[in-house]
Protein chains: 2
Amino acid sequence: MTTQSRATLADVARLAGVSSKTVSRVFADAGNVSAETRERVLGSAKRLRFRPNNLARNLRRGGVTNTVAFVIGDLTNPFYFTVAAGIERELALHGLTMVLASTDDSPDSEERVVDALLAQRVRALVLIPIADDQSYLDGERQLGTPVVSVDRPARNLIADSVVLQNRVGVAEAVRSLTAIGHRKIGFLSNPAGIYTQRERLAGYRDALREVGVTETAHWERLDDDPSVSAEYSVRSLLALADPPTAIVAGNNRGSAGAVRVLRDLDPPVAFIGFDDFELADALGISVVAYDPIELGRTAARLALGHLADPDSFTTQVEIPTRLIQRGSGEIPPPA
Amino acid sequence: MTTQSRATLADVARLAGVSSKTVSRVFADAGNVSAETRERVLGSAKRLRFRPNNLARNLRRGGVTNTVAFVIGDLTNPFYFTVAAGIERELALHGLTMVLASTDDSPDSEERVVDALLAQRVRALVLIPIADDQSYLDGERQLGTPVVSVDRPARNLIADSVVLQNRVGVAEAVRSLTAIGHRKIGFLSNPAGIYTQRERLAGYRDALREVGVTETAHWERLDDDPSVSAEYSVRSLLALADPPTAIVAGNNRGSAGAVRVLRDLDPPVAFIGFDDFELADALGISVVAYDPIELGRTAARLALGHLADPDSFTTQVEIPTRLIQRGSGEIPPPA
DNA sequence: TCGCACGATGTCAACGATGTCCCAGATTGT
DNA sequence: ACAATCTGGGACATCGTTGACATCGTGCGA
């Protein structure tokens, strides 16, 4: 494996008998090079396996790359990576590349990871905020780097954001349950501390209040400890002296647990989850759904918008949710 | 929004009253700078919102970045994304970043996408080969860029690869069916043309041949048209004059379809899928499983190994699979 | 007390590509 | 026929950082 060193513009130029500027013209400018010269240059380039060095190019062009960073908490969550797919697609349409970095859901590493990306001179930053405070990004924003927060609003930072209709979505789901007579409705949330879960909890309470139910605390299972399984929470609800006749989950984690417990219960307990999932249709599970790809695309579009017009206003977008009824949410309470 | 320009080493140096080299030392070398000077430099840097420019740094250091590219066919396939998560984790341990690019399953765009990444001077390349020929990467490999192919071997290219125990895994699954008396076993494969599916099909035939069944063509549903739904294929198997008593699927696409059709069949038809999936346990679906995270980690480790020792031999790794019995695969044939 | 090692800092060039300016010759208009 | 314009191509500086090497005190052993 003779690891020879990489060819540069100058090497190609020497072999082709032209100046390096001419080679540069062939590869970038496309301006004013005779067909004959171009052929000769391309021939030499191929022979030397030349590949233009984007590091140098970008440096010369003022330190601007064509990559956009997406900072994600937990890479193994299917929700986040579908968002990433949306971002990648939209960026690809504009010739931009996505760099993906994970903070492993650790608030402390967020700033460190983001810093490393900014040092790479990413063109824009899309992130799912994990830490309690994104004010450290303010300087960068003022320097002109678009920052878009996804799924949750950034804290202490003026930035575009794309979030779901969490509160309205859950309220609609709960309303569909109260409409068929349910009053004792459980709610699963874990981790309960984060923005999305707080919003969804609020939606749950909203809808119950509308039918006069204000005492909901004993039907709420709010945890911040990921080791508490959703199955356990569901069982603890069913073990109540006055158990709920329906359960709503704040995320797909809750759905997975609920499915396991509820499938062979008699009398059946109604269930509605948040986040759609593979096979939910086969299982007949009703869910509050939305389009995660669209979430990503929208985030990318906002970033691209700021790149095109740095002085545009910051925007908050809400991605709509919709209730998909598949059976589990349409079970009426026992007579 | 006053978009002021970015501060450089020189700017910080001027403000701190030192040379730019000293500032460089503070941010990189960490070598021999007095505490007092360091304080002063860091102060100026913060005031100017200075951030070192990795483009310039990497250029100066010989055009070597700390990013590794992962080229993926279809970003929305959870399998690939979990692999990506594994890669990202392993790389993070070594201070490297992952860039993700998608070819949208188009063989034509593979070379284009890869080229763009190589121009960014990625340190190594991990890819899921889509095109029929990866020989275009040979030059780059000779230049010392580690290339690792994942899930399928690269064609016409000497490169490390990490693949699953496809053939053995499926053979084991089919054997578990023949062991309890099944002889009429269907096989679903779509897209059937790719390496993994061909291997799995071979495993299926292997195991049937062991029990003397050599005529399997009418039980094989091999499609290359993604618009042919797995449900349709399953139904067409069941509609045979002599329908199979068990079905094996070549991927999770097949499983999803099979689950929908098979759940309320009487007499029940045994089923084993390839690829584990969320809720497979709740549904009692037996599958041939493996660890996709480990697949990614292994790929990353191979790349890192080549970076550490450029002259190391290329390696082929097989990630083990295992049969997880959850009920659907243990149904005996009707008496 | 002198030489020398060492710590703290500075000078300068170079990484690879490109923007700016410049030039020689060919072509065009009047 | 001559100036004006265009076309292909080159020289040189430059983007922001760092490696190699130089410089200047200071303290310490001989």
Side-chain angles (χ1 to χ4, degrees), chain A residues 4-42 44-45 48-66 115-116 118-123 143-144, chain B residues 4-42 44-45 48-66 115-116 118-123 143-144:
Chain A
Q4 60 233 31
S5 77
R6 238 165 259 274
T8 70
L9 276 188
D11 299 327
V12 177
R14 206 162 326 145
L15 181 58
V18 295
S19 82
S20 62
K21 179 66 203 188
T22 299
V23 182
S24 165
R25 287 199 179 93
V26 171
F27 278 92
D29 291 349
N32 294 351
V33 182
S34 72
E36 185 204 3
T37 312
R38 156 174 280 108
E39 281 312 303
R40 199 146 34 90
V41 168
L42 289 177
S44 314
L48 294 177
R49 296 208 189 87
F50 170 76
R51 198 187 293 285
N53 185 331
N54 265 357
L55 261 55
R57 190 200 299 253
N58 290 335
L59 174 60
R60 185 64 242 262
R61 290 195 173 157
V64 185
T65 62
N66 43 236
D115 250 38
L118 292 176
Q120 307 287 351
R121 291 297 189 269
V122 294
R123 197 87 169 266
L143 253 31
Chain B
Q4 61 230 29
S5 77
R6 240 166 256 274
T8 71
L9 277 186
D11 299 327
V12 177
R14 207 163 340 179
L15 182 58
V18 295
S19 80
S20 61
K21 180 67 205 193
T22 299
V23 182
S24 165
R25 287 200 178 93
V26 170
F27 279 91
D29 291 351
N32 295 351
V33 181
S34 73
E36 187 204 3
T37 312
R38 156 175 280 112
E39 281 311 303
R40 199 146 34 91
V41 167
L42 288 176
S44 314
L48 295 176
R49 294 207 191 88
F50 170 76
R51 199 186 294 284
N53 185 331
N54 264 358
L55 263 54
R57 189 201 300 252
N58 291 334
L59 173 61
R60 183 63 240 261
R61 289 192 175 159
V64 184
T65 62
N66 40 233
D115 250 38
L118 292 176
Q120 307 287 351
R121 291 296 190 271
V122 294
R123 196 85 170 268
L143 254 30

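Lettering follows sequence order; numbering is per chain, from 1.
Protein atom CD of B:Glu39 is 15 Å distant from nucleotide atom P of C:dA8, rounded to whole Å. For the pair A:Gln120 CD and D:dG16 P, the interatomic distance rounds to 17 Å; values are reported in whole Å. Whole-Å rounding puts the B:Asp11 CG to D:dG16 P distance at 8 Å. Taking atom CG of B:Asn58 as the reference point, atom P of D:dC15 lies 19 Å away to the nearest angstrom. Straight-line distance from the CG atom of B:Leu9 to the P atom of D:dG19: 12 Å, rounded to whole Å. One interatomic measurement links the two molecules: CZ of B:Arg51 to P of D:dT17, which rounds to 12 Å at whole-angstrom precision. What separates CG of A:Leu59 from P of C:dG19 is a distance of 13 Å, to the nearest Å. When the P atom of C:dT18 is taken as reference, atom CG of A:Leu55 falls 13 Å away, rounded to whole Å.
The closest side-chain donor-acceptor pair between B:Asn54 and B:Arg57 falls under 3.5 angstrom.
Across D:dG9, C:dA17, D:dT17, the shortest atom-to-atom separation from the side chain of B:Phe50 is found for D:dT17. Among C:dA17, D:dT18, D:dG16, the nucleotide with an atom closest to any side-chain atom of A:Thr8 is C:dA17. Distances were taken from every side-chain heavy atom of A:Arg61 (C-beta onward) to each of D:dT17, C:dT18, C:dG10; the shortest belongs to C:dT18. In this structure, of D:dG10, C:dT9, C:dC15, it is C:dT9 that holds the atom nearest to the side chain of B:Val33. With C:dT9, D:dG9, C:dT18 as the choices, the nucleotide that has an atom nearest any side-chain atom of A:Ser34 turns out to be D:dG9.
A donor-acceptor distance shorter than 3.5 angstrom exists from the side chain of A:Arg40 to the backbone of A:Ala16, with no hydrogens or angles considered. Side-chain atoms of B:Thr65 come within 3.5 Å of backbone atoms of B:Arg121 as a donor-acceptor pair (strictly under, hydrogens ignored).
The shortest distance between the side-chain N/O atoms of B:Asn53 and the OP1/OP2 oxygens of D:dG16 is not below 4.0 Å. For the pair B:Ser24 and D:dT18, the criterion of a side-chain N or O lying under 4.0 Å from OP1 or OP2 is met. Contact check, A:Thr37 against D:dG9: a side-chain N or O comes under 4.0 Å of OP1 or OP2.
Between the CD atom of B:Gln120 and the CG atom of A:Asn53 there is a distance of 9.5 Å, given to the nearest 0.5 Å.
The base of C:dG10 lies close enough to the side chain of B:Arg25 for a donor and an acceptor atom to sit less than 3.5 Å apart. The base of D:dG8 is not paired with the side chain of A:Lys21 by any donor and acceptor separated by under 3.5 Å.
Contact annotation for A:Val23: no contact, since no heavy-atom pair falls under 4.0 Å across all strands. At the heavy-atom level, A:Arg60 lies under 4.0 Å from base atoms of the strands shown.
Ion pairing between a basic and an acidic side chain is recognised when a charged N comes within 4.0 Å of a carboxylate O; B:Arg6 and B:Asp11 show no such pairing.
Taking the nucleotide of DNA chain C with the nearest heavy atom to each of B:Gly17 and B:Ala56, the more 5' of the two is matched to B:Gly17.
Contact of the A:Thr8 side chain with the A:Val12 side chain is not registered, since no non-hydrogen atoms from C-beta on lie closer than 4.5 Å.
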